[in-house]
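Right, one structure below, let's go through it.
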Amino acid sequence: MTVRSEEELGSVLEFARTRDVAVGMQGRGHSCGGQSLVDSAGILLHNRIKEDPVLLSDDEVELTSGLQWQEVEADLAQWGRSVPVTTDVLQLSVGGTLSVGGYGTDSVQLGGQIDHVTALKIITADGATHWCSPSSNPQLFRMALAGTGRVGYIVRVRMRTSAIHVQLRRATYHYDSLISLADSMAWLADPQTPAPPYLRARSDAPDREGRVSYGDYPYDEAIGQMPPRERLGTLEDVQSLLGQPQVIENRGLPRFYDHVNVNRWVAKLPNAYNLWTDFGFQYPAFRQFCEHIQRQSKDGAFGSALRAVHILGVSPSADDNDYFPFDLRPTGKGRTFTCGLYCMLPSADETDLARLRAAIDTCLQVTAELGGRPYVYGYDEMSRGMWERSFGQEAVAGLVKLREEHDPAGLIAAPWDRTTNSVSAPQRRIGA
């Protein structure tokens, strides 16, 4: 069922409460483990709550949750503005990525999308509407962002904006394996180190060549009202540490360029079953996890399904690294490194699926042992015990308390009730 307004969403929730029917909300369908799905007796809502962005000031915009980020970026460009952080793929929805965190190439300096939300409007399962912020109803605010929509559904947000980046100057370094790539990034572990504002890393397979791209924005130095930094890192800073890169290039409209390239990459396997999952670590746990992935790959745990390992850097939250309880950034003061395993199967062979699920579950266990965290959009089969192990018993207890207050009928499933992931149909493209 498609909902196109807050009023329609409220009416559906009222219908569900009176008939004791489960409800789920889906943006663009990018989550990889069935997080937004409900069983056949429930109601799956497609969020199409869309209004034009409203620029509240030079530094703040109000957005409805059904907008896609490509729509937001196109509208803000008219005013010479942008949101500080976007995900690689811009057809995802505002409400969708904010419900899991939202990270991208600018996260190395600016953290997650959730760090730039100043206020949000949420409709909880009991039908009540709440505006909340860090100073007003802060617990609901913190649980709604990166909380996978387990208390209610975000319908409207206010976010900071920054000056649009129209040019990227990018330097790419090549490495012979995932481990050597991870070693090259150790200098970024301290968040006080002035990292360049753009970072993207990828290894096609753990034992094959990897690439790290650093970038800066030479033609638009002002970046708006961002968390304070000593200074911006530049490519000259990088080259003074790492030497001459293999490639130096200039790119116009870098976010749209990356968006197109990622979609082209996914389209190479149009009918694949995508079991994608990301994990967040601080250094040196990040390197240890890369070693584990390399061993698993060598032992055949992924078969031929592991098509790439994608890596980002994420700076700590301006408040503290545990401000959002279900964020992928582990507790601590260091910069987080994400390790995304992009597994793509051409068919749903039960043997291949079972092997891959076992490999991903092992990665989840190792992540917990290393003090890392899973990214809650990914393909992870997590019990309540694993949620408590990953995010802490206090965080889970806080979520349970809010659910009892705002969803006493249990219309929205708890995240740990989703213990069997669905891969019954291929994901033909991102955002399908």
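All values below come from the heavy atoms of this structure, side chains included, with hydrogens, waters and symmetry mates left out.
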**Study point:** No-hydrogen, no-angle side-chain donor-acceptor test under 3.5 Å, Thr277 and Asp380
**Key:** yes
Practice item. Mind jotting down which residue pairs meet the ring pair (Phe, Tyr, Trp, His ring centres under 6.0 Å) criterion with at least one end in residues 47-104? Sequence neighbours excluded, please. Key: Tyr103-Tyr375
Check your understanding: According to the interplanar angle, ranging from 0 to 90°, do the rings of Phe289 and Phe279 count as parallel (below 30°), tilted (30 to 60°) or perpendicular (above 60°)?
Key -> tilted
Point to revise | Pairs satisfying salt bridge (Lys or Arg N to Asp or Glu O under 4.0 Å), at least one member in residues 274-284, at least two apart | key: none
Check your understanding: Judged by modelled atom types alone, do Gln78 and Asp75 share a side-chain donor-acceptor pair under 3.5 Å?
Key -> yes
Check your understanding: salt bridge (charged side-chain N to carboxylate O under 4.0 Å, His left out) with Glu51: which residues, sequence neighbours excluded?
Key -> Arg156
**Study point:** salt bridge (charged side-chain N to carboxylate O under 4.0 Å, His left out) partners of Arg355, counting only residues at least two apart
**Key:** Asp352
Practice item. Go through the structure and list residues passing salt bridge (charged side-chain N to carboxylate O under 4.0 Å, His left out) with Arg307, not counting sequence neighbours. Key: none
Check your understanding: Restricting to pairs with a member in residues 117-156, which pass ring pair (Phe, Tyr, Trp, His ring centres under 6.0 Å), not counting sequence neighbours?
Key -> His130-His406
**Study point:** Which residues share a ring pair (Phe, Tyr, Trp, His ring centres under 6.0 Å) with Tyr198, sequence neighbours left out
**Key:** none
Practice item. Specify the closest pair of heavy atoms between Ala125 and Leu411, including all atoms of both residues, with the distance to one decimal. Key: O-CD1, 4.0 Å
Point to revise | Ala77: side-chain contact (heavy atoms from CB on, under 4.5 Å) partners, not counting sequence neighbours | key: Ile164
Review point. Can you list every ring pair (Phe, Tyr, Trp, His ring centres under 6.0 Å) pair that touches residues 335-368, not counting sequence neighbours?
Key: Trp276-Tyr342, Tyr283-Phe337, Phe286-Phe337, His310-Tyr342
Check your understanding: Which pairs count as side-chain hydrogen bond (donor to acceptor under 3.5 Å, both in side chains) when at least one residue sits in residues 390-401, sequence neighbours excluded?
Key -> none
Review point. Mind checking what makes salt bridge (charged side-chain N to carboxylate O under 4.0 Å, His left out) contact with Arg335, not counting sequence neighbours?
Key: none
Review point. By side-chain contact (heavy atoms from CB on, under 4.5 Å), which residues pair with Ala359, not counting sequence neighbours?
Key: Gln296, Ala301, Phe302
Point to revise | ring-ring contact (aromatic ring centres under 6.0 Å, His included) partner of His165, chosen from Tyr217, Tyr257, Phe256 | key: Tyr217
Check your understanding: Short question: side chain of Ser136, backbone of Ser133 - any donor-acceptor pair under 3.5 Å?
Key -> no
